[in-house]
Amino acid sequence: MFKKLIDWTLAWAKTPYGPLALFCVAFAESSFFPVPPDLLLIALALTKPSEALILAAITTVGSVSGGMFGYFIGLKGGRPILKRLVDEEKIRKVHDYFQKYEAWAIFIAAFTPIPYKVFAIAAGVFYVDFKGFILASILGRGLRFFAVATLLYFFGERIKGFILEYFNLFSIVFVVLLILGFYALRYLPGWRSKKETQGGILSLIKRRLKRIKDLD
C-alpha cells in the first residue's frame with residue numbers, strides 16, 4: 001500500500017501539475033499523508049534543476065500550511081487523532097517536551113526524520129503558542145527543503161543517491177552540531193548566567209536524537 005502511494009506521488013512529476021501536486025503533498029503530509037514531499041521535490045528538481053529553489057519554496061509553504069491545519073485539528077479536539085498516530089506514552093513525552101521547550105521541539109521535528117505531523121497536531125492539543133509554532137515550522141521545514149533543493153540545483157542527478165540515502169543522517173548531524181554550538185556558547189563570557197536555559201535546550205536536543213526511532 002505504501003509503495004503504491006509513493007508511486008502515485010512520484011507520477012505527478014511527469015505531469016504539468018507537478019508543482020501544484022508538490023504543494024498538496026507537502027500540505028497533506030504535515031497532517032495526515034504518509035509520503036514525505038521530499039520525494040516529489042527531488043523528482044521535480046531533477047527534471048528542472050534551475051527551478052529547484054522555487055520548488056523548495058512551494059514545498060515549504062505547503063508544508064507549513066499543512067502544519068497550521070494540523071495545529072487547528074489538534075486545537076479543536078485532535079487528541080483522538082493523535083492517539084491513532086502514536087501511543088499514549090509517546091503522547092505524554094511529546095506533552096512534556098512542549099511544556100519545557102515548545103518551539104525547539106517543533107524545529108527539531110520539522111527538520112529531522114521525527115514525524116512533523118505528530119508535533120503539529122500535538123501543538124494544537126497542548127496549546128503551544130501559535131506564533132512560535134509557525135516560526136519554528138518555517139525555519140525547520142524551510143531549512144530541510146532548501147538544503148535538498150540547493151544540492152540538486154548545483155549537482156543534479158549526481159547527488160540524488162546521496163540525498164535519498166544520507167539526508168536524514170545529515171539532518172541529525174546538523175542537530176548535533178547545533179548541540180555543540182550551544183555547548184560552546186555556555187562557556188563564552190556573559191553566557192554563564194544562562195547556563196540553566198542552555199542546559200535545558202541541550203537536554204531537549206539530546207533526548208530528541210535518542211528518541212527519533214521511538215516516534216517513527
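Just so you know, these numbers use all the heavy atoms, side chains as well, and skip hydrogens, waters and symmetry mates.
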Phe33 side chain reached by Cys24 side chain, heavy atoms, under 4.5 Å: no

Nearest-0.5 Å distance that lies between atom CZ in Phe145 and atom CD1 in Ile42: 10.5 Å

Cluster overlap Leu44 with Phe155, hydrophobic side-chain contacts below 4.5 Å: yes

CG-CZ distance between Leu40 and Phe23, expressed to the nearest 0.5 angstrom: 13.5 Å

Any side-chain heavy-atom pair of Leu39 and Thr9 under 4.5 Å: no

Where Ser31 and Gly66 come nearest, the two heavy atoms and their spacing: CB-O, 3.9 Å

Interatomic spacing from OG in Ser50 to CG in Leu152 - rounded to 0.5 Å: 12.0 Å

Pairs meeting criterion salt bridge (Lys or Arg N to Asp or Glu O under 4.0 Å) with involvement of residues 48-75, two or more places apart: none

CZ (Phe146) with more than 12 external heavy atoms under 6.0 Å: yes

Non-hydrogen side-chain atoms of Leu143 and Leu139 separated by less than 4.5 Å: no

Donor-acceptor pair, side chain of Arg141 and main chain of Ala110, under 3.5 angstrom: yes

Joint cluster assignment, Leu20 & Val35, ILVMFWY side-chain distance < 4.5 Å: no

Distance-minimising heavy-atom pair for Ile106 and Ser137: CG2-OG, 3.5 Å

Minimal non-hydrogen separation, Leu53 against Ala149, with atom names: CD2-CB, 4.1 Å

Residue pairs involving residues 47-94 (criterion ring-ring contact (aromatic ring centres under 6.0 Å, His included); sequence neighbours excluded): Phe27-Phe69, Tyr71-Phe130, Tyr71-Phe133, Phe72-Phe130

Beyond-backbone contact of Ser63 with Tyr116, side-chain heavy atoms, under 4.5 angstrom: yes

Closest heavy-atom pair and its distance - Ala45, Leu55: N-CD1, 3.7 Å

Approximate separation, where rounding is to 0.5 Å, of Glu29 CD and Thr59 OG1: 10.5 Å

Min side-chain heavy-atom separation Leu22-Trp12 under 4.5 Å: no

Verdict with supporting geometry, Ile159 and Phe154, side-chain contact (heavy atoms from CB on, under 4.5 Å): CA-CA 9 Å; Ile159 203 71; Phe154 285 106; over 6 Å; no

Reported NZ-to-OG distance for the pair Lys117 and Ser30, which is rounded to 0.5 angstrom: 7.5 Å

Donor-acceptor under 3.5 Å (Thr150 side chain, Ala147 main chain): no

Closest non-hydrogen atom pair between Ile163 and Val148, with its separation: CD1-O, 4.0 Å

Shortest non-hydrogen contact from Val25 toward Pro37: CG1-CA, 4.0 Å

